[in-house]
Asks: 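Got a structure for you, questions after.
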Amino acid sequence: MPRFTHPFTYRLRPADPAGPLRMVMWADVLVELRGADGQWNPINCLVDTGASFSVISTDRARGLGLTVPRRTSRIDVQTADCTTAAVVRDGSLDTRFARLREVTFDLLWLFRDDIPPTVEPVLGLHNLIDLFTVTFDGTPRPDTLMGFMEFVTRTG
Amino acid sequence: MPTPTNPPPLLPPSPHPAPAAEPEYYAPPDVVARWERILDGHIEPSDYLTLPPDGLAWVEKELAFAQARLPGVPMDPGFRRDHLLRRTLDYHFGGKLVATLYRPEGVVVLAEGISAIGALLRAVRGDVRDEIRTETPHRW
């Protein structure tokens with residue numbers, strides 16, 4: 001099965017004198033989305049196993065020349081600290097990982113009108129896990145000292 | 001027959017402020033000339049972002065932290081390079097949406113903000129388009 005690994009990224013935050021040195025980690029991965037003109041657009045995405053959907057800012061999608069659905073609907077968005085209503089657009093985009101360009105897949109995306117384009121897109125569970133088995137592994141290797149994600153295609 | 005009405009919203013609106021629309025961006029000729037020069041491969045040393053000494057010292061501390069997870073095994077040069085480039089972007093453009101170009105010598109920021117990035121993507125040739133990455137670096 002086609003597969004690739006991608007390292008976790010990390011930072012050290014300056015210490016608050018009242019607390020320990022903080023290390024923060026992100027599961028980000030470079031994804032390419034095909035625009036309306038057929039061009040691939042590499043964008044940085046966060047893998048979020050706590051997210052139901054893959055989400056992108058509508059403004060960001062438009063700016064990149066992606067096909068943004070015209071029909072809108074409302075959903076309740078539940079975050080860690082609140083639940084709010086948001087205007088969204090349901091669509092799918094030809095998607096591929098920059099480290100696995102030979103595999104193009106149809107990923108469902110939720111375009112959110114209320115988030116600014118600076119917010120990094122999120123890869124959520126639906127329908128990513130129908131397409132890929134994703135493993136989070138903290139084993140340090142010389143090229144992935146903070147650990148890595150492994151993406152393995154499920155459909156060959 | 002009753003007039004149908006929309007049901008009242010059950011939840012409060014999103015706390016995110018509605019994104020302010022950026023004005024339509026028209027790249028000045030000198031900006032377009034810079035894009036064309038860089039994407040033609042004529043990148044000058046000053047095009048690459050650099051990390052000042054205070055930032056570099058902090059990044060070295062971060063790299064030592066990572067190396068401590070695998071003592072005695074040399075760090076892959078690619079790991080060091082990727083981390084250094086990410087943190088250089090963080091230092092200069094943390095929290096901002098940018099279009100970037102990565103080369104073995106370093107990273108170049110071509111445009112900042114979705115309007116400028118849109119203008120850039122419309123202006124460039126197809127064969128280099130898929131090398132232009134958009135990302136929001138983390139805040140330093």
Side-chain angles (χ1 to χ4, degrees), chain A residues 7 9-14 21 23-24 26 28 30 32-35 37-45 57-65 74-79 81-87 98 101 112-121 138-147, chain B residues 9-22 25 58-59 61-63 65-71 73-80 82-83 86-87 90 95-100 102 113-119 121-122 124 126 129-140:
Chain A
T9 57
Y10 76 106
R11 314 281 188 272
L12 292 182
R13 290 281 181 238
L21 189 65
M23 192 271 287
V24 290
W26 288 280
D28 45 14
L30 192 59
E32 299 181 339
L33 304 177
R34 181 143 50 194
D37 59 359
Q39 293 285 335
W40 289 99
N41 295 276
I43 60 171
N44 197 50
C45 291
S57 153
T58 302
D59 281 353
R60 176 125 164 213
R62 282 205 185 97
L64 296 178
R74 280 167 52 104
I75 65 165
D76 300 340
V77 178
Q78 185 173 355
T79 61
D81 60 351
C82 67
T83 302
T84 60
V87 175
R101 283 183 161 174
R112 272 185 69 174
D113 287 13
D114 65 328
I115 56 176
T118 49
V119 174
E120 293 286 56
T139 306
R141 304 186 314 199
D143 59 338
T144 60
L145 283 166
M146 303 307 293
Chain B
L10 299 176
L11 294 165
S14 166
H16 295 290
E22 292 184 24
Y25 179 83
W58 189 260
V59 170
K61 188 175 180 176
E62 292 177 333
L63 289 167
F65 177 89
Q67 181 65 77
R69 288 173 49 85
L70 200 60
V73 180
M75 176 185 300
D76 186 277
F79 181 89
R80 177 184 173 82
D82 290 349
H83 187 72
R86 270 194 302 274
R87 296 299 272 143
D90 292 347
K96 298 174 180 173
L97 178 64
V98 289
T100 53
Y102 287 78
I114 193 64
S115 296
I117 291 171
L121 297 179
R122 289 190 297 273
V124 301
R129 168 80 178 273
D130 64 4
E131 295 183 62
I132 300 171
R133 187 185 302 188
T134 58
E135 56 189 315
T136 303
H138 296 289
R139 294 183 189 280
W140 178 263

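Order of the sequence lines sets the chain letters (A, B, ...), proteins ahead of strands, with each chain counted from 1. In this text the structure is predicted, and so the values were computed from the model without any measurement.
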Asks: Specify which of Arg80(B), Glu135(B), Arg129(B) makes the most heavy-atom pairs with chain A at under 4.5 Å.
Replies: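 Highest number of pairs under 4.5 Å: Arg129(B).
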Asks: Please find the pair of heavy atoms, one from Ile114(B) and one from Arg60(A), that lie closest to each other, and give the distance.
Replies: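 The answer is CD1-O, 3.8 Å.
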Asks: So does Glu120(A) get a backbone contact from the side chain of Thr136(B), meaning a donor-acceptor N/O pair under 3.5 Å?
Replies: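 Judged by distance alone, no pair lies under 3.5 Å.
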Asks: Please give me the minimum heavy-atom distance between Arg69(B) and Gly138(A), naming the atom from each residue.
Replies: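 That closest heavy-atom pairing would be NH2-O, 2.7 Å.
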Asks: Which one wins on heavy-atom pair count under 4.5 Å against chain B: Arg11(A), Met23(A), Met146(A)?
Replies: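 Option with the greatest count: Arg11(A).
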Asks: So does Asp130(B) get a backbone contact from the side chain of Gln39(A), meaning a donor-acceptor N/O pair under 3.5 Å?
Replies: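 It does not hold such a pair.
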Asks: Where on Arg101(A) is there a heavy atom nearer than 4.5 Å to chain B: the side chain, the backbone, both, or neither?
Replies: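 Contact with chain B involves the side chain of Arg101(A) alone.
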Asks: Highest number of heavy-atom pairs under 4.5 Å with chain B: which of Leu12(A), Ile43(A), Thr9(A)?
Replies: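 The candidate making the most pairs under 4.5 Å is Leu12(A).
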Asks: Determine, stepwise, if the pair Ile117(B) / Leu64(A) fulfils side-chain contact (heavy atoms from CB on, under 4.5 Å).
Replies: CA-CA 8 Å; Ile117(B) 291 171; Leu64(A) 296 178; 4.2 Å; yes
Asks: For chain A, find which of Lys96(B), Arg86(B), Lys61(B), Arg122(B) contributes the most heavy-atom pairs closer than 4.5 angstrom.
Replies: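 Looking at each option in turn, the highest pair count goes to Arg86(B).
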Asks: Could you tell me which portion of Thr79(A) (side chain, backbone, both or neither) has an atom closer than 4.5 angstrom to a non-hydrogen atom of chain B?
Replies: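 When you check distances to chain B, no heavy atom of Thr79(A) falls under 4.5 Å.
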Asks: Measure distances from Ile132(B) to the heavy atoms of chain A and classify the residue's part below 4.5 Å as side chain, backbone, both or neither.
Replies: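 Just its backbone gets close to chain A.
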Asks: Is there a donor-acceptor contact under 3.5 Å linking the side chains of Asn41(A) and Arg133(B)?
Replies: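 Short answer, no.
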Asks: How would you list, by chain and number, every residue that makes a side chain to side chain donor-acceptor pair (under 3.5 Å) with Arg87(B), sequence neighbours excluded?
Replies: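 Per chain and number, Arg87(B) pairs via side chain to side chain donor-acceptor pair (under 3.5 Å) with Glu62(B), Asp90(B).
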Asks: Going from OG1 on Thr144(A) to CG on Asp82(B), what distance comes out if it is rounded to the nearest 0.5 angstrom?
Replies: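 Reported to 0.5 Å precision, the distance equals 11.5 Å.
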Asks: Tell me, please, which residues at least two apart from Tyr10(A) pass ring pair (Phe, Tyr, Trp, His ring centres under 6.0 Å).
Replies: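 For Tyr10(A) the ring pair (Phe, Tyr, Trp, His ring centres under 6.0 Å) partners, ignoring immediate neighbours, are His83(B).
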Asks: Measure distances from Trp58(B) to the heavy atoms of chain A and classify the residue's part below 4.5 Å as side chain, backbone, both or neither.
Replies: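 The side chain, not the backbone.
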Asks: Measure the spacing between CZ of Phe65(B) and CG of Leu145(A) and express it to the nearest 0.5 Å.
Replies: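 Rounded to the nearest 0.5 Å, the CZ-CG separation comes to 11.0 Å.
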Asks: Please check if the number of heavy atoms outside Gln78(A) that lie under 6.0 Å from its CD is greater than 12.
Replies: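 For Gln78(A), atom CD is not crowded (no more than 12 foreign heavy atoms under 6.0 Å).
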Asks: If the threshold is 4.0 Å, N to carboxylate O, is there a salt bridge linking Arg141(A) and Asp76(B)?
Replies: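 Not counted as a salt bridge, because no side-chain N and carboxylate O are separated by less than 4.0 Å.
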Asks: Measure from the side-chain N and O atoms of Arg13(A) to the backbone N and O of Trp140(B), and report whether any donor-acceptor pair falls under 3.5 Å.
Replies: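 The answer is yes, because a donor-acceptor pair under 3.5 Å joins these two groups.
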Asks: Minimum heavy-atom separation for Pro142(A) to Pro74(B), with atom names?
Replies: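 That closest heavy-atom pairing would be CB-O, 3.5 Å.
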